[in-house]
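Structure first, then comments.
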2 protein chains.
Amino acid sequence: MKATIITIGDEILIGQIVDTNSGFIAKSLDKIGVEIHEMISISDDKEHILSTFSQLQNKVDLVIVTGGLGPTKDDVTKKTFCDYFEDELVVNPEVLAHVTELIEGFYKRPITQMNKDQALVPSKCTVLHNQMGTAPGMWMKKENTVFISLPGVPYEMKYLVESVIIPKVVKEYERPYIIHKTILTYGQGESLVAERIEDWENNLPDFIKLAYLPNPGRVRLRLSARGTDKEMLEAAIEANVQSLDAIIHDIIVGFDDNETLEVVVGQLLTKKGKTIATAESCTGGKIASLLSAVSGASSYFRGSVVPYSTEIKTTVLGVPADLIEENSVVSAAVASSMASNVKRIMKTDYAIATTGNAGPAKGDSNAEIGTVFIAIATPNDVIVEEFNFGQPREKVIDRAVIKSLEMLQKEILKNVH
Amino acid sequence: MKATIITIGDEILIGQIVDTNSGFIAKSLDKIGVEIHEMISISDDKEHILSTFSQLQNKVDLVIVTGGLGPTKDDVTKKTFCDYFEDELVVNPEVLAHVTELIEGFYKRPITQMNKDQALVPSKCTVLHNQMGTAPGMWMKKENTVFISLPGVPYEMKYLVESVIIPKVVKEYERPYIIHKTILTYGQGESLVAERIEDWENNLPDFIKLAYLPNPGRVRLRLSARGTDKEMLEAAIEANVQSLDAIIHDIIVGFDDNETLEVVVGQLLTKKGKTIATAESCTGGKIASLLSAVSGASSYFRGSVVPYSTEIKTTVLGVPADLIEENSVVSAAVASSMASNVKRIMKTDYAIATTGNAGPAKGDSNAEIGTVFIAIATPNDVIVEEFNFGQPREKVIDRAVIKSLEMLQKEILKNVH
């Protein structure tokens, strides 16, 4: 079973907004075994939409369209559905009652003609009632292809996908099983990982596909199995993950999407009953922001100081001014002092500190652009490493953040007690 | 001049990652007058890519492909280009030298065969040298269409678009002018705004297109003009913005040049020679992280304290313990104290403070999930507002971050001196 997702809206084509709706729909369909054939973004242009519909007719089972359902002149989806299905717009009384209730009852505003027009739908369509807003969804079938229209507002679209589309597809269609398993590795590049697992990769069965998803400092390996026998697929994925683990056990840090480094570190800290604080100069609070974004972080993350100016390193963190003077603000000595001081001030077991020059200018310290010192304070010690993460600024910050969490993880794993 | 952007990668089609590359490329091309016809995401499948290329042949001037350029088996773009152009892969000595220097000289690792294979490119292509990584870009022309291949790693892609593609397109192609102007309105829904400006909209000239971009609480109106006479287009946009302003002056809050809020706030602070610090409990350092990610932030951003545990609010930020006891840690009084204290400690002109409960659990404070207090300390005053951002956790944090920056911006604009 195949689906194509179409996003309508010039704001996407001129790069004004990023389309996140397609990803949500894709993930939801993937979970129930529907394969996404393509995602397409096109403009608010009736002819363009019609020719895209014709191309997809009978090539895929589902065409899901988001956007273009608003009440204004630039919203063309409903008229386009009428043209494609040789249909006409009629008032749907249930939708009209819902829109009236929402505008007059909830928002306490007089209802306008444009509001009322939201209740116009093609006469032959199955209306998908939108409890989250005024624009209804539509479900229309032509030959072997169902065309679905959804509003572009993310929480309205999500509501209709989760509460209406997915249950309806599950009920009406036979689908295969699709199982994914993602293995998170760190510390070696894509090429090196690929060379180490080459034999294993060549021996994967046909129904299992491997993908490499590289990020700075880490590579995720995704196995996808597709078929009708769910138990067999699960067993095959499990067996191959185990044989992979035997080959690259040293670089595997976790499994599945949700286990980002900050989640893995959080689980480790929770398990060992330890706490963490950060003192972040060049990373500007990003490590704290990632650590605290995890549910339940308050049980191990106590806080952070971001001493972005040199003076704050002394006044708030208590790094001695002469230490900065002698070693420069971007130095192992300063990173080390920041880590041990924030650990003491916040009374934690571990601390991360970063100081560096992310560029693009050289700045006060005169350190090379890309230079970063990372210090990890542990219950007994402080470890410092120097890196050059190159450029641009965005990459230096991201790599420093990831490397900090990796170094922390390593130290926690060392301190087994 | 028309372009289609193709993203290759199963990780997008199963919803594992969101494609942000296409938006960046679209924005860059739009600025120089290239119209984006479509954005398409397809899987790592050679036949699918080839049939998409054939469909686009001579229909658009540029086809820009990102992804599938890595060194591993699932990367098929180079082979597909060879097939489509009836070409073969050859070693490019300059790329090989660059890859060798990067791996052996910079990363200090032995070079592998897979690393070396990155220097293989189709013999007829123009190589686009990638200073940010090992995978080169490619530029190949067939009849009236140029096919460009770029790596999928965002900062490598961005480097090639900005430093190579845009200058090359500007030099080699005649293009029309495209001008956008976005008007931000606040406080009225899409339908109401549309009814108020209906006559004005009907009188827009053909070469100016209007789009409505609704968000909770605000509607952006985007005018786009396309043509060959730049001055005429600018004058026409300007005249229509003025006549629009006369109709809905009461709800217009600004004109958006597509900069992010943290960049706009940074520019404002720089212009006024003012400084900022943050004290972030529920936002966990995310505001600091966004502010500091902007190049040149060190001239106005002095630092942050993230007092994630209640104790740190007292010990590091000096919020009186009895104030917390009396009002609860999630309260206007505590937010206000955090803001004025961090402003004093970091000797800044402005400060942002956040305290709230992002969920999913209720926590110590017993505050409703989604409750956030945001305080802005200005040179003369402290402003506090209470919000409920609902759930989930991620949304509460993100909305608190955006609202904080908006409140700060408003206060800086008020303090005109």
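First the proteins, then the strands, lettered A, B, ... as listed; each starts at 1. Just so it is clear, the structure is predicted and the values come from calculations on it, not from any experiment. Because only heavy atoms are used, hydrogens play no part in the values below, and waters and symmetry mates are left out as well, while side chains stay in.
- For a residue to count as touching a neighbouring chain, one of its non-hydrogen atoms must lie under 4.5 Å from one of that chain's; by this rule A:K31 does not touch chain B.
- Using a 4.5 Å cut-off between heavy atoms, B:V305 contacts chain A through both its backbone and its side chain.
- Proximity to chain A (any heavy atom under 4.5 Å) is restricted, for B:I312, to the side chain, taken from C-beta onward.
- The part of A:L213 that comes within reach of chain B is its side chain, from C-beta onward, which places non-hydrogen atoms under 4.5 angstrom from that chain.
- Heavy-atom distances place both the backbone and the side chain of A:I40 under 4.5 Å from chain B.
- Highest contact tally toward chain A, considering only B:G9, B:C282, B:S295, is held by B:S295 [criterion: heavy-atom pairs under 4.5 Å].
- The residue among A:S41, A:G303, A:P360 with the most heavy atom pairs within less than 4.5 Å of chain B is A:S41.
- The contact between A:E394 and chain B is made entirely by side chain atoms (from C-beta outward), counting heavy-atom distances below 4.5 Å.
- Heavy-atom distances place the backbone of B:D19, and not its side chain, under 4.5 Å from chain A.
- Side chain to side chain, B:T278 and B:S304 meet the donor-acceptor criterion of an N or O pair below 3.5 Å.
- Heavy atoms closer than 4.5 Å to chain A are found in the side chain of B:I397, but not in its backbone.
- The side-chain contact (heavy atoms from CB on, under 4.5 Å) with B:L13 is formed by just one residue from the set A:E35, A:M39, A:K27, A:E38; it is A:M39.
- Interface remark: B:Q131 contributes no atoms to any contact with chain A (heavy atom separation under 4.5 Å).
- With 3.5 Å as the limit, one finds a donor-acceptor pair spanning the side chains of B:S224 and B:H180.
- For B:R302, the parts lying under 4.5 angstrom from a heavy atom of chain A are both the backbone and the side chain.
- When each of A:K286, A:Q391, A:E195 is scored by its heavy-atom pairs under 4.5 Å with chain B, the top score falls to A:E195.
- Rounding to the nearest 0.5 Å places NE2 of A:H37 at 9.0 Å from CG of B:D45.
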Q. How far apart are the C-alpha atoms of B:Y212 and A:E11, what are their side-chain angles, what is the distance that settles it, and do they pass the side chain to side chain donor-acceptor pair (under 3.5 Å) test?
A. CA-CA 9 Å; B:Y212 292 82; A:E11 63 271 28; over 6 Å; no
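- The shortest heavy-atom contact between B:G284 and A:S292 is CA-OG, 3.3 Å.
- Chain A forms the most heavy-atom pairs under 4.5 Å with one residue out of B:D10, B:I345, B:I103, B:T20, and that residue is B:D10.
- The minimum heavy-atom distance between A:A288 and B:V306, with the atom names listed, is CB-CG2, 4.5 Å.
- Proximity to chain B is limited to the side chain of A:E201, based on heavy atoms less than 4.5 angstrom apart.
- Only the backbone of A:L210 has a heavy atom closer than 4.5 Å to any heavy atom of chain B.
- For a residue to count as touching a neighbouring chain, one of its non-hydrogen atoms must lie under 4.5 Å from one of that chain's; by this rule A:A211 touches chain B with backbone and side chain alike.
- Interface residue B:N202: only side-chain heavy atoms are found under 4.5 Å from chain A.
- Among A:S191, A:G189, A:A26, the residue making the largest number of heavy-atom pairs under 4.5 Å with chain B is A:S191.
- Contacts of A:T52 with chain B are made by side-chain atoms alone, with heavy-atom separations under 4.5 Å and no backbone atom involved.
- For the residue pair A:A135 and A:L69, the shortest heavy atom distance occurs at CB-O, 3.8 Å.
- Using a 4.5 Å cut-off between heavy atoms, A:R393 contacts chain B through its side chain alone, with no backbone atom that close.
- If you measure heavy-atom distances from A:L192 to chain B, the contacts under 4.5 Å come from the side chain alone.
- Residue B:A361: no heavy atom, backbone or side chain, is found under 4.5 Å from chain A.
- In the model, A:Q16 has a side-chain atom that pairs as donor or acceptor with a side-chain atom of B:T182 under 3.5 Å.
- Note on ring orientation: taking the six-membered ring where Trp is involved, the planes of B:F301 and A:Y308 are tilted (angle from 30° to 60°).
- Across B:K313 and B:P307, no two heavy atoms sit closer than the pair NZ-O, 3.0 Å.
- Ranked by heavy-atom pairs shorter than 4.5 Å toward chain A, the options B:S298, B:S309, B:G285, B:G23 are led by B:S309.
- Taking the ring centre of A:F389 as origin, the terminal cationic atom of A:K395 falls outside the region bounded by 6.0 Å and 45° from the ring axis.
- Of the listed residues A:T275, A:L290, A:N388, A:I5, the one with more heavy-atom pairs under 4.5 angstrom with chain B than any other is A:N388.
- Of the two parts of B:Y159, neither the backbone nor the side chain holds a non-hydrogen atom closer than 4.5 Å to a non-hydrogen atom of chain A.
- Here the closest non-hydrogen pair linking A:D44 and B:K209 is O-NZ, 4.5 Å.
- When only modelled atom types and interatomic distance are considered, A:E280 and B:S289 share no side-chain donor-acceptor pair under 3.5 Å.
- No part of B:V401 comes within reach of chain A, as not one of its non-hydrogen atoms sits under 4.5 angstrom from that chain.
- Between the CG atom of A:L204 and the CG atom of A:L223 there is a distance of 6.5 Å, given to the nearest 0.5 Å.
- Checked by atom type, the side-chain pair B:T7/B:S22 shows a donor-acceptor distance below 3.5 Å.
- The distance from the CD atom of B:E162 to the OG atom of B:S28 is 6.0 Å, given to the nearest 0.5 Å.
- Your options are B:V18, B:I42, B:I36, B:I14, and the one with the most heavy-atom pairs under 4.5 Å with chain A is B:I14.
- In terms of heavy-atom pairs under 4.5 Å with chain A, the best-connected choice from B:H48, B:Q55, B:M346 is B:H48.
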